[in-house]
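Atoms within a ligand are numbered from 1 in the order they appear, just like the ligands themselves.
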Amino acid sequence: MKQQTKVSTSSQVTTLQVSPGQIMRGKGAITEAGANIAQLGKRPLIIGGDRALKLIQPLLAPLCQEHDLTITSASHYPDSCEKSQQTLQAVVSDHQADLIIGVGGGKALDMAKLVASQCQLPMVTIPTSGATCAAWTALSNLYTEAGAFLYDVPLPYPPNLLILDYDLIETAPKRTLIAGIGDALAKWYEASVSSGHATASLTIAAVQQARVLRDILLQKSATALENPGGAVWQEIVDATVLLPGVIGGLGGANCRTVAAHAIHNGLTHIEATHNILHGEKVAYGILVQLRLEEMVENNQLAATARQQLLEFYSEIGLPKSLEDLGLENVTLTQLQQVAEIACAPNSDIHRLPFTVEPTELVAAMVSTTVTVNSKAAAKV
Ligand SMILES: [Zn+2]
């Protein structure tokens, strides 16, 4: 079954990619997904990392028997990069795959979605952690083989089926859900800036949902993390895996990433950051963005928001500073490199309502934890 796609490009008509076609969620959701998968294809290619593939194979085996599926699997390593994309496209044609199933974290799912859309095949996403919203979105990030961010690719259609199995998510390290909380938090701080003074109904709805998402995360994350697998934990998993995608889907081009993700993208160019999760870098990036708003615009709301987040980060274990990211030995030259990349002409940092120079960005990066009322801090 070739995926039918028609994305309008006229100025009169926009095509929204709001949601996956179907979402199955619950403990043991995979074991009940056989018929839903078989409806989409009979020769799936499973794309994921080694851990995810090992985890998923025993769960999928009984479904294959019951629904007559012929599966094969392949790794997305070395990264969500152009080389993996070519290798995987060759696997698609060798296996005569008619469906792509992505299993894993953000990079595995991004690669699976990209391969599926380029081969015009339907796709299923099965996240194995709460670290990102990649299972939902019609977007893939591409990196170099060494893991430095290159660019993102908007996809013509979102996944046909998303399977959110809480049992699977619970096997992931706690740190991944904490990172997902950081990534999801960014929706409010970025969408409220990138939407500007937009009055369109869908944009307003999306930005308000981002605010609600922030409130849910601030109120429930600590309780959720204390009891993995519990009811509140499941609510926070929904909040990190599903809700950011709703906001991005509804808000479209008006709810894009701003400085927090631009800083993440810059940081990926330093090798020492490659063990730091996407959401951890983004969480730090939110503090840098707020710091910029304080420094450049003397924005007191941003100062208050930053103090509130510093407390929250301490409570749940998100990084507040370069030291927390393990970058205590980073050199000024490296920081300048990060800032230059984050301030490149096509960077989303320029969605801020003021211009940002790399030197200002470096000053913000090293001062994310200063106290609000410090006069010295205001002059950094
Ligand atoms: Zn993100």
task: For the pair T273 (side chain) and L267 (backbone), establish whether a donor and an acceptor sit closer than 3.5 Å, ignoring hydrogens and angles.
output: yes

The Zn ion (ligand 1): angle it makes with NE2 (H278) and NE2 (H261), nearest 10 degrees: 110°

task: Tell me, please, if H264 has any N/O/S atom, main chain or side chain, under 2.8 Å from the Zn ion (ligand 1)?
output: no

- prompt: Just by distance, do the side chain of S194 and the backbone of R256 share a donor-acceptor pair under 3.5 Å?
  reply: yes

message: Nearest N/O/S atom of D183 with respect to the Zn ion (ligand 1), by atom name, please.
response: OD1

query: Does any N, O or S atom of C133, backbone or side chain, fall under 2.8 Å from the Zn ion (ligand 1)?
result: no

message: Test your reading of the model: is there a side-chain donor-acceptor pair from T87 to the backbone of K83, 3.5 Å cut-off?
response: yes

query: If only atom types and distance count, is the side chain of Q22 paired as donor or acceptor with the main-chain N or O of L161 below 3.5 Å?
result: no

